[in-house]
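In what follows, a structure is listed as C-alpha cells, so that the remarks can point back to it.
Since this is a predicted model, take the numbers as computed values, not measurements. Positions are given from 1, in the same order as the sequence printed here.
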Amino acid sequence: MKVPRSRSKGRPTKPFFPPRPRGLVGRGAELTALSARLAAGIDRIALVGAGGSGKSMLACALGHRVRSRYPGGVHWFRVGAWDASTLLEMLARRLGIRMGGDLDRGEHVRQALLSRPPLLLVLDNHESDRALAKLLNRLQGTPATFVITARRCLLSGVEIYPIIAPLVSSSRSAFPRVASLTRLLRWHPLALDIADRLVATGAIAVSALRRYLVDSGVEAISVMSHEDDIAEVRLLIDWAWPRLSPSARAMLAALAHCEGDDIDAESLAALSRVRSAPGAAIEALARWHLVQEPLAGRYALHAVVRHMVLGRTRFSPQRHFEHYVRLLERHPERTNLEQTHLFAAMDHANRNSDLPGALRLERLLARLDPG
C-alpha cells in the first residue's frame, strides 16, 4: 500500500534556512575555500566527515556567506534516508512548484528550476546514495547548486570536501575552557562542546571530568558499532544521563525516536508527556548543549547524541504519527513548518500498511492542495 503523494498547486511557501551559527571557531579557511569553489561553478559538493565533526554548522555558515549570489534563494533540507520520490516532493512543496498534467514529479521540478534564477539547496544529513543519485541526475543542468552533508558519500560526479575538527591541523583548541581535554577527546567538536558546557555550568570541574573519562576508558581502542558511535560523546552522555530529570530524559527519547525534524516546545512536552514544568526540562538539556535549537523555540538532536539516546530508550512511533496528523488536521497552515513530520507520517503508514492512517493523510493532503 502506498500513501498518495500530494499535488502542489504552487502556493508560495517561506524559504527555510537556519540562523547564522553562533560560536563558529576555526573555520575561516574552510569557508573561504568552499565559497571559492561555488564561485568557480562547482554545483555539487559534499561536506563529508565523521559524526560531530561540524559539517552541518559549516554548511549553514557557508549558506549565509554566499546567499547574495543566489537570487532564487538559499534553502535547507534535512534529507536523511528519504527515497528520491520523497525528496522531489519535499523540493516541490518548499519551492511552491505546480504539479499536475502529464509530466512526472521529477520533470515538473526540473522544468520549474530551469525557469528560475540560480538557487542553493543544502541537503543535510544525507544517508541514501542511491536516492540522492536519482535526484541529482533528474535535476542535472538546472541552475541549482547542491551542498550535501554526509558521514560518507559514495557518489561519482560530486566533489568531496573532507571535514575535520576545527584547528586540529594546528593542534590548537577551539574550546579554551576545556583545552586540557582536547587531545583526550581527540579534538572532537561535539564532545568538546558538551564538555565545555558541563564545566561552564559548574556541573563538574575539568580535573574531575578528566579523571572520569580516563577511568571510563576513553583512551581504550574499541570497535565502533555505528558511524555515530563516538566513544568520547558516549561517555559524556553516560555521565549526564543519571543527572538529568525524568522529564528531561523523556524529552530526549521523544526527540531521538522522531523521524521528522525539529520539534516545537509545546509538541515536545506533549510527545514526552511532561506536564509539569516542561520549560525547566528543556532548559536543562539546552544548558548542557544536549539539544540543538535550529529555530527559536524548536529543538532537535545531533545525530551522534540521537544514536546514544536511541540505545537506552523506547518510544512508540505511533505516538509521533498520531500527534502530527492531528496537529496538521487542526492547523493545516503549519504544513510548511512541520513538513518533515508529514513525510515521516507517510512513511510510517507505508511501512505498517496502515489503511486508516493512509486515508487520513489523503484527506489531509486534499485539504492542503484544494483542486
Between side-chain atoms of residues 211-219 and protein atoms elsewhere (two or more places apart, or another chain), which donor-acceptor pairs fall under 3.5 Å?
unit_1	atom_1	unit_2	atom_2	d
Y212	OH	L235	O	2.6
Y212	OH	W239	N	3.4
S216	OG	Y212	O	2.7

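- Hydrophobic clustering places I42 together with Y161 (ILVMFWY residues linked when any side-chain heavy atoms are closer than 4.5 Å, directly or through intermediates).
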Discussion item. Could you go through I263 and Y299, starting from their C-alpha distance and side-chain angles, then the distance that decides it, and tell me whether this counts as side-chain contact (heavy atoms from CB on, under 4.5 Å)?
Written reply: CA-CA 5 Å; I263 301 177; Y299 302 92; 5.7 Å; no
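- Residues P118 and P71 are in side-chain contact: their nearest non-hydrogen atoms beyond the backbone lie under 4.5 Å apart.
- Taking 4.5 Å as the limit, every side-chain heavy atom of P143 sits out of range of all side-chain heavy atoms of Y70.
- Using a 4.5 Å heavy-atom cutoff, the side chains of V178 and L198 are not in contact.
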Under 3.5 Å, which donor-acceptor pairs do the side chains of residues 57-64 form with other protein atoms, sequence neighbours left out?
unit_1	atom_1	unit_2	atom_2	d
H64	ND1	R67	NH1	3.1
H64	NE2	P18	O	2.7
H64	NE2	R20	N	3.0

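- Within 6.0 Å of CZ in R275 there are 12 or fewer heavy atoms belonging to other residues, nucleotides or ligands.
- When atom types are taken as modelled, the side chain of N137 and the backbone of A133 share a donor-acceptor pair closer than 3.5 angstrom.
- Among all heavy-atom pairs drawn from A92 and V109, the shortest one is CB-CG2, 4.2 Å.
- Here E362 contributes atom CD and L355 contributes atom CG; the two are 9.5 Å apart, rounded to the nearest 0.5 Å.
- At distances below 3.5 Å, not a single donor-acceptor pair connects side-chain atoms of T313 with backbone N or O atoms of A253.
- Taking all atoms of both residues into account, the shortest heavy-atom contact from H341 to D262 is NE2-O, 3.0 Å.
- Here the straight-line distance linking atom CG of L132 with atom CH2 of W82 works out to 15.0 Å at 0.5 Å rounding.
- Between the R249 side chain and the L244 main chain, a donor and an acceptor come within less than 3.5 Å of each other.
- Note on L135: it clusters hydrophobically with L95, by side-chain heavy-atom contacts below 4.5 Å among ILVMFWY residues.
- Side-chain atoms of E293 come within 3.5 Å of backbone N or O of G297 as a donor-acceptor pair.
- Hydrophobic clustering, with ILVMFWY side chains joined whenever heavy atoms are under 4.5 angstrom apart, keeps L295 apart from I282.
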Practice prompt. Test side-chain contact (heavy atoms from CB on, under 4.5 Å) on L192 and H188 and set out the steps.
Written response: CA-CA 6 Å; L192 286 165; H188 195 280; 5.6 Å; no
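- Within 6.0 Å of CZ in R273 there are 12 or fewer heavy atoms belonging to other residues, nucleotides or ligands.
- Using a cut-off of 4.0 Å between Lys/Arg side-chain N and Asp/Glu carboxylate O, R234 and D228 are scored as not salt-bridged.
- Note: H257 and H320 fail the aromatic proximity criterion, with ring centroids not under 6.0 Å apart.
- For the atom pair CG of L268 and NE2 of H323, the computed distance is 9.0 Å after rounding to the nearest 0.5 Å.
- When atom types are taken as modelled, the side chain of H331 and the backbone of R334 share no donor-acceptor pair closer than 3.5 angstrom.
- Sorted by first and then second residue, the pairs that involve residues 109-136 and meet salt bridge (charged side-chain N to carboxylate O under 4.0 Å, His left out), not counting sequence neighbours, are R78-D124, E127-R151, D129-R152.
- Contact annotation: the side chain of I45 never approaches that of F146 to less than 4.5 Å [non-hydrogen atoms, C-beta and beyond].
- Taking the charged nitrogens against the carboxylate oxygens, E30 and R27 do have a contact shorter than 4.0 Å, which makes a salt bridge.
- Here the side chain of S267 pairs no donor or acceptor atom with the backbone of D264 at under 3.5 angstrom.
- Here the closest non-hydrogen pair linking L209 and A195 is CD2-CB, 3.8 Å.
- A heavy-atom distance below 4.5 Å is found between the side chains of L87 and V79.
- To the nearest 0.5 Å, atom CG of residue L91 and atom OG1 of residue T86 are 11.5 Å apart.
- Between the side chain of K55 and the backbone N or O of A50, at least one donor-acceptor pair lies under 3.5 Å.
- For the atom pair CG of L113 and CG of L121, the computed distance is 7.0 Å after rounding to the nearest 0.5 Å.
- Pairing each heavy atom of T149 with each of N125, the nearest pair is OG1-N, 2.7 Å.
- Around atom CD of E266, no more than 12 heavy atoms belonging to other residues, nucleotides or ligands sit under 6.0 Å away.
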Worksheet item: Between M346 and L361, is a side-chain contact (heavy atoms from CB on, under 4.5 Å) present by the stated rule, with each step listed?
Response: CA-CA 7 Å; M346 291 177 177; L361 286 166; 4.2 Å; yes
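- For the residue pair T145 and R69, no side-chain donor N or O sits within less than 3.5 Å of a side-chain acceptor on the partner.
- Between the side chain of N352 and the backbone N or O of D354 there is no donor-acceptor pair closer than 3.5 Å.
- Looking at M251 and P278, their side chains come closer than 4.5 Å, going by heavy atoms from C-beta outward.
- Heavy-atom contacts from other residues, nucleotides or ligands closer than 6.0 Å to CZ of R330 number more than 12.
- Side-chain contact between F77 and H75: present, with at least one pair of heavy atoms (C-beta onward) separated by less than 4.5 Å.
- Interatomic distance, OH of Y324 versus CG of L271, reported as 5.5 Å (0.5 Å rounding).
- Between D43 and R37 there is no salt bridge, since no side-chain nitrogen of the basic residue lies less than 4.0 Å from a carboxylate oxygen of the acidic one.
- A distance-only check finds a donor-acceptor pair linking the side chain of T32 to the backbone of G28 [under 3.5 Å].
- Contact record, C258 with R306: O-NH2, 3.9 Å, taken as the closest heavy-atom pair.
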Item to complete: For the pair R243 and D238, evaluate salt bridge (charged side-chain N to carboxylate O under 4.0 Å, His left out) and give the outcome as yes or no after the intermediate values.
Response: CA-CA 9 Å; R243 294 167 175 83; D238 287 344; over 6 Å; no
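- Side chains of L342 and E89 form no contact here, defined as non-hydrogen atoms less than 4.5 Å apart.
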Discussion item. Applying side-chain contact (heavy atoms from CB on, under 4.5 Å) to L255 and V291, what does each step give before you reach the verdict?
Written reply: CA-CA 9 Å; L255 287 166; V291 296; 3.8 Å; yes
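- L310 is not connected to I237 by any chain of hydrophobic side-chain contacts under 4.5 Å among Ile, Leu, Val, Met, Phe, Trp and Tyr, and they are in different clusters.
- The two atoms that bring G51 and V304 nearest to each other are C-CG2, 3.6 Å, heavy atoms only.
- Linking ILVMFWY residues whenever their side-chain heavy atoms come closer than 4.5 Å, directly or via other members, places W288 and V206 in the same cluster.
- Between E159 and R44 no salt bridge is recorded (no basic side-chain N to carboxylate O distance below 4.0 Å).
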Worksheet item: Passes side chain to side chain donor-acceptor pair (under 3.5 Å), H307 versus E227? Steps please.
Response: CA-CA 9 Å; H307 175 71; E227 290 167 315; over 6 Å; no
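- With hydrogens and angles ignored, the 3.5 Å screen pairs a side-chain donor or acceptor of R210 with a backbone N or O of S180.
- The pair E338-R298 meets the salt-bridge criterion, since a charged nitrogen lies less than 4.0 angstrom from a carboxylate oxygen.
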